[in-house]
Amino acid sequence: AQTVTQSQPEMSVQEAETVTLSCTYDTSESDYYLFWYKQPPSRQMILVIRQEAYKQQNATENRFSVNFQKAAKSFSLKISDSQLGDAAMYFCAVKLVFGAGTILRVKS
Amino acid sequence: ETGVTQSPTHLIKTRGQQVTLRCSSQSGHNTVSWYQQALGQGPQFIFQYYREEENGRGNFPPRFSGLQFPNYSSELNVNALELDDSALYLCASSLGTAKYYEQYFGPGTRLTVT
């Protein structure tokens, strides 16, 4: 069975600094997509970034980037220049399986 | 462009009853997926519908069933409700199978079973 593990239940970052959220997964497939979703308090879940497993280049979306290590089955999310609006629950997902989430708190 | 909507927002049911949750997909999307999210947990995949056919199912019993209509809106039905069914139910639509495509989530339906 496919699993997705987010080992950090909660993380804190100072405004304007950088934070990295970890995610590891297990799958037997070779072609798959990985996602990071953000769920702000009482608001809808939205996509942050997507990575195609067959692409070696790490995806980047403005202040958000990933470090995808296919052999290690690791898919971490780096948030640069953190902003107060980044505070949310972040979920890593591989295909249709989601991790348990990491609560990100941003301190001013 | 209208986003994903869900109804109702909140629902309280008694153990043993049946419930129907509704979802309208984003315009142009032909795939709808349903998730159960317990408090403080990640979403658990229930099933996915693609062009009115079930196209993948998670580890949920048959009392969880669904339907997708020609306009790609969808329903989730849960029979014989149990206390553990209390959760936030999320609907998400996508251009194709959610394994590969970005999912657009609705606000969810909060179900409480007493």
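In what follows, every chain begins at residue 1, and chains take the letters A, B, ... in the order their sequences are listed.
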*Qualifying salt bridge (Lys or Arg N to Asp or Glu O under 4.0 Å) pairs with a residue from residues 21-49 of chain B, counting only residues at least two apart or across chains*: B/Arg22-B/Glu75
*Do any pairs count as a disulfide bond (SG atoms under 2.5 Å apart) and have a residue in residues 15-114 of chain B, sequence neighbours left out, and if so which ones?*
B/Cys23-B/Cys91
*Sort A/Leu96 into side chain, backbone, both or neither according to what part of it lies under 4.5 angstrom from a heavy atom of chain B.*
both
Can you see which heavy atom on [X] is nearest to which on [Y], and at what distance?
| X | Y | answer |
| --- | --- | --- |
| B/Pro43 | B/Leu90 | CG-CD1, 4.2 Å |
| A/Pro41 | A/Ala88 | CD-CA, 4.5 Å |
| B/Phe105 | A/Met45 | CB-O, 3.6 Å |

Chain B/chain A interface donor-acceptor pairs under 3.5 Å:
{"unit_1": "B/Gln37", "atom_1": "OE1", "unit_2": "A/Gln39", "atom_2": "NE2", "d": "3.2"}
{"unit_1": "B/Gln37", "atom_1": "NE2", "unit_2": "A/Gln39", "atom_2": "OE1", "d": "3.0"}
{"unit_1": "B/Tyr100", "atom_1": "O", "unit_2": "A/Arg50", "atom_2": "NH1", "d": "2.8"}
{"unit_1": "B/Gln103", "atom_1": "N", "unit_2": "A/Tyr37", "atom_2": "OH", "d": "2.9"}
{"unit_1": "B/Phe105", "atom_1": "O", "unit_2": "A/Gln44", "atom_2": "NE2", "d": "2.7"}

Let me have the donor-acceptor pairs involving side chains of residues 62-69 of chain B, under 3.5 Å, with sequence neighbours excluded, atom names and distances please.
{"unit_1": "B/Arg63", "atom_1": "NH1", "unit_2": "B/Asn79", "atom_2": "O", "d": "3.2"}
{"unit_1": "B/Arg63", "atom_1": "NH1", "unit_2": "B/Ala80", "atom_2": "O", "d": "3.4"}
{"unit_1": "B/Arg63", "atom_1": "NH1", "unit_2": "B/Asp85", "atom_2": "OD2", "d": "2.8"}
{"unit_1": "B/Arg63", "atom_1": "NH2", "unit_2": "B/Glu82", "atom_2": "OE1", "d": "3.3"}
{"unit_1": "B/Arg63", "atom_1": "NH2", "unit_2": "B/Asp85", "atom_2": "OD1", "d": "3.0"}
{"unit_1": "B/Arg63", "atom_1": "NH2", "unit_2": "B/Asp85", "atom_2": "OD2", "d": "3.2"}
{"unit_1": "B/Gln68", "atom_1": "OE1", "unit_2": "B/Arg51", "atom_2": "N", "d": "3.2"}
{"unit_1": "B/Gln68", "atom_1": "OE1", "unit_2": "B/Glu52", "atom_2": "N", "d": "2.8"}
{"unit_1": "B/Gln68", "atom_1": "NE2", "unit_2": "B/Asn30", "atom_2": "O", "d": "3.3"}
{"unit_1": "B/Gln68", "atom_1": "NE2", "unit_2": "B/Tyr72", "atom_2": "O", "d": "3.3"}

